[in-house]
Amino acid sequence: MDDYDAKTIERKWQSAWEAEQVFHVPNPEPGDAPDAHFYMLEMLPYPSGSLHMGHVLNYTLGDVVTHFRRRHGFTVLRPMGFDSFGLPAENAAIKDGGHPLEITERNMEAIREQMRRMGWAIDWQREVSAHEPTYYRWTQWIFLQLFEHGLAYRKEAPVNWCPVDQTVLANEHVVDGRCWRCGSIVEARNMAQWFFKITDYADALLDDLETIDWPERTKKIQRSWIGRSEGAEIIFSVRELDLDIPVFTTRADTLYGATFFVVAPESPLVATLSEGMENAEEVRSYARVAAARPTEEREQREKTGVFTGRHATNPVNGEQIPIWVADYVLMDYGTGAIMAVPAHDERDREFAHEFDLPVVQVIAEDGTLVNSAEFDGVNFEEAKGAIVASLAAAGKGEPAINYRLRDWSFSRQRYWGCPIPIIYCEHCGAVPVPDSDLPVLLPDVTDYRPKGQPPLASNEEFINAPCPRCEGPGRREADTMDTFVDSSWYFLRYTDPANDQAPFDRRVADYWMPIDQYIGGIDHAKGHLLYSRFFVKAMNDLGLLGFREPFQRLFHQGWVKLGGKRMSKSQGGVSPNELIDRFGADAIRIYILFQGPADQDIDWTPDGIEATVRFIRRLWRVVHEAAVQPAAPAGVSTPLARKAHETIARVSDDIDRRFVFNTPIAAVMELVNELSKAPHDPAARFAAETAVSLLQPYTPHVAEELWGVLGHSSRLWESPWPVHDEAMLEHETIELVLQVNGKVRDRIQVPAGLSEDELVARAKASERVQAHLGGTERRVIVVPDKLVNIVV
RNA sequence: GCCGAAGUGGCGGAACUGGCAGACGCGCCGGACUCAAAAUCCGGUUCCCUCCGGGGAGUGUGGGUUCGAUUCCCACCUUCGGCACCA
């Protein structure tokens with residue numbers, strides 16, 4: 001027996017898999033009989049560096065599932081690609097010199113090599129990269145489809161501007177008022193920007209969460225991000241201006257308690273209302289200053305505001321209430337104006353307190369209305385509907401729904417991204433580039449540093465283009481797309497990566513999709529995972545796809561942390577490559593999954609990797625010993641044989657039903673321990689085969705090698721998953737737990753299947769039980785084949 | 001502030017449907033082999049008490065339901081995540 005040599009074994013099997021393209025799966029031809037197939041996908045890496053241990057966990061998880069499904073007879077699609085456009089590569093290029101393209105491709109090559117060395121079962125023939133024209137041509141095409149159907153539009157709007165990265169950010173990427181990448185405080189700017197109309201899909205995105213198998217916490221994040229709230233739109237009017245101002249409220253029941261009215265400083269109403277008033281200048285200057293206040297300051301929550309001198313009519317009682325301008329009212333939620341009910345809203349109460357405005361209670365302690373005319377005594381929940389109904393009859397209000405979700409701003413003032421295929425023409429406006437002219441290639445520029453305007457704007461060769469409609473002079477859109485656009489449809493391109501007629505053939509996409517198991521970090525809960533759902537729904541509406549959800553089942557792996565922080569590429573210290581050199585890929589794969597439940601965070605420590613190597617060496621030794629034993633005669637049922645069957649059952653159930661990956665390793669360790677204690681058991685060989693076979697998804701290299709040692713000429717990677725014999729799980733004797741008053745007093749071996757009376761008799765025969773049986777017996781609880789509890 | 005998740009030995013964790021708390025592994029202690037060490041193997045390892053038979057306590061804290069609670073219910077504490085002037 002040679003010593004276990006990870007390096008040689010791993011190289012050997014990796015070469016075999018590569019030479020035979022073992023993990024490539026072809027697409028079905030039209031008319032093929034449907035087969036059992038499975039689409040396994042992990043979120044694709046961003047090639048701004050090389051892989052870290054977080055990736056190792058993510059992709060090893062996917063790998064175990066891939067092998068497990070393959071060996072259950074499924075055709076498993078498990079592709080890989082690169083989210084290769086984006087800021088980090090560009091910033092790295094600016095910092096260190098070099099071109100983003102060079103840096104990106106160098107990183108991609110390093111990652112491919114790492115992935116090969118980890119032995120992951122990937123169909124490399126389907127590789128896609130966001131920055132390749134063959135890919136982004138279709139990103140542009142999909143954008144144009146959305147544009148032509150009104151789902152992508154350009155408008156001037158206040159947006160989040162990162163002063164360091166010199167670009168606009170989506171709401172999803174502003175964290176605590178700061179840029180999620182560089183941490184600078186985000187500024188509000190008014191700019192013409194591109195948006196996707198994700199708000200059209202707010203209800204669908206909400207409702208269809210019921211149809212997918214996702215972690216509940218992720219659904220909750222999406223639900224609260226979409227933020228649907230049901231209420232009413234109610235019209236307040238300003239008599240002297242003959243002006244109707246609608247407000248949104250969820251509390252129509254408190255309408256009689258509205259004692260003042262507030263308009264957001266950004267609202268166009270500020271100008272209208274202050275027009276001709278004595279203090280017009282004061283009002284406007286407050287609005288100007290307040291609107292320009294940095295978000296951070298505005299969140300201080302100290303109430304400021306100014307009275308306009310105007311009054312609005314409360315539609316329920318005709319009361320004239322003062323109109324204020326105050327920055328605690330936001331322009332981009334509801335209508336940018338509110339009715340204020342200081343008695344029942346904390347913010348309104350603070351404001352009323354600050355400016356000495358009247359407070360009128362309209363809901364009593366018991367939840368019924370007071371001071372509310374004919375609604376007095378009505379329960380507040382009922383009053384909501386009743387008041388809205390009565391306003392609706394008078395044409396002064398109607399039920400309404402508001403969302404906190406905003407449209408997705410996706411244009412970026414940076415270089416390293418997908419060009420937006422639009423040409424601006426003086427006569428024709430924003431004109432789409434015809435399909436036949438796609439892709440609009442990202443030009444090779446030398447200076448791609450951000451200078452307040454997008455780098456492409458100063459590239460004369462790129463920017464000047466004739467209008468596709470009138471052939472007059474035009475200018476190309478100089479912004480590029482957010483990388484989250486690229487990653488909103490990559491999983492579709494994998495199904496048909498070489499298609500040069502379309503982003504994908506609908507038949508093929510419909511065959512593989514939706515993804516059966518998606519694995520990635522929960523940090524994408526309200527970004528990528530929401531955007532992709534929107535894309536799929538929109539493409540379904542456009543007839544490009546036959547399904548409405550991309551990810552049927554979702555799992556979030558935990559973070560691998562170092563010193564309490566998430567691992568990232570910028571943190572040195574733990575290099576998967578170095579670990580592979582020292583311990584081998586199999587040991588690292590098993591180690592990272594043995595640390596605990598895969599959805600839980602792991603504090604990285606190298607302690608115990610050695611132990612994992614030790615386990616593999618132990619396996620190596622006992623399997624070699626067992627390999628010279630004769631094969632077990634049929635039906636042999638030694639304790640070792642039963643242990644093997646039990647292990648098959650446990651491992652299969654853990655991976656399949658429970659989706660846990662640490663306990664199967666423990667189960668196989670137990671089996672190997674038993675085997676090493678009984679090396680000449682008639683079932684020794686069977687136990688060894690079982691251990692190797694069950695471990696194969698975790699340690700595919702050494703398992704394959706040992707499969708050969710055990711005399712198999714077949715390939716383990718394509719051998720059926722073992723099946724346990726149910727009869728072997730039944731024990732002839734069981735350990736009966738004996739309790740007195742719920743405390744364990746004894747454990748005895750008894751034959752399985754005894755009657756309750758017989759079990760009680762045996763329990764009472766126990767001396768240790770008898771010692772605690774003083775007093776009257778009140779009750780006896782029997783759990784057959786398990787436990788007897790005598791209560792005295 | 002609102003919403004959500006999690007707290008188990010010295011450490012990572014196991015206990016799936018209310019029924020033996022601590023599987024498996026790390027670390028540590030003792031032993032075998034060895035001139036010695038490494039490697040390997042064997043035994044022990046929740047805490048406290050013990051006349052060595054055993055007894056008691058114990059899953060963040062305090063209560064409750066139950067014959068029986070890591071598991072269910074209530075309150076609280078701590079940590080982590082989401083939202084946050086959203087009307």
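Below, read A as the first sequence line, B as the second, and so on, with proteins coming before strands; counting in each chain starts at 1.
With its glycosidic angle within 90° of 0, G9(B) adopts the syn conformation. Because its glycosidic torsion is more than 90° from 0, G31(B) is reported here as anti.
Residue K561(A) places no side-chain N or O under 4.0 Å from the OP1 or OP2 atom of C80(B). Considering only side-chain N and O atoms, R217(A) lies nowhere under 4.0 angstrom from the phosphate OP1 or OP2 of C3(B).
Counted within 6.0 Å of CD on E767(A), heavy atoms from surrounding residues, nucleotides or ligands total 12 or fewer; the atom is thus considered open.
The partner of C72(B), taking Watson-Crick or G-U wobble pairs whose two distances both stay under 3.5 Å, is G64(B). Applying the Watson-Crick and G-U wobble criteria (two distances, each under 3.5 Å), G12(B) pairs with C24(B). The base-pairing partner of U40(B), taking Watson-Crick or G-U wobble contacts with both distances under 3.5 Å, is A32(B). Here U17(B) sits opposite no nucleotide as a Watson-Crick or G-U wobble pair (both hydrogen-bonding atom distances under 3.5 Å). In a base pair of the Watson-Crick type (N1 to N3 plus N6-O4 or O6-N4) or a G-U wobble (N1-O2 and O6-N3), with each distance short of 3.5 Å, U78(B) is matched with A6(B).
Checked against the 6.0 Å centroid criterion, the rings of F484(A) and W180(A) qualify as a close aromatic pair. F195(A) has its ring centre no less than 6.0 Å from the ring centre of W408(A).
The residue H772(A) sits close only to the backbone: its heavy atoms come under 4.0 Å of sugar-phosphate atoms, none of a base. Residue-level contact check: Q739(A) touches the bases, meaning some heavy atom is under 4.0 Å from a base atom. At the heavy-atom level, R745(A) lies under 4.0 Å from the strands shown only through sugar-phosphate atoms. Counting non-hydrogen atoms under 4.0 angstrom, K303(A) reaches a base of the nucleic acid. Residue contacts for D603(A): at a heavy-atom cut-off of 4.0 Å it reaches no nucleic acid atom on any strand shown. Within the 4.0 angstrom heavy-atom criterion, only backbone atoms of the sugar-phosphate kind lie near N673(A); the bases stay farther away. Nucleic acid contact for N789(A): base, since at least one base atom lies under 4.0 Å from a heavy atom of the residue.
Nearer the 5' end of RNA chain B, as judged by each residue's closest nucleotide, is the contact made by K220(A), out of R778(A) and K220(A). Two residues, K526(A) and A667(A), neighbour RNA chain B, and the one matched to the more 5' nucleotide by heavy-atom proximity is A667(A).
Here the side chain of D244(A) pairs no donor or acceptor atom with the backbone of I235(A) at under 3.5 angstrom.
By the 4.0 Å N-to-carboxylate-O rule, R251(A) lies close enough to D253(A) to be salt-bridged with it. R650(A) and E670(A) are joined by a salt bridge, as a carboxylate oxygen and a charged side-chain nitrogen come within less than 4.0 angstrom of each other.
Side-chain N/O atoms of R779(A) and base N/O atoms of C67(B) include no donor-acceptor pair closer than 3.5 Å.
For K786(A) and G18(B), the NZ to C1' distance is 10 Å, given to the nearest whole Å. Atom CZ in R617(A) sits about 14 Å away from atom C1' in C41(B), given to the nearest Å.
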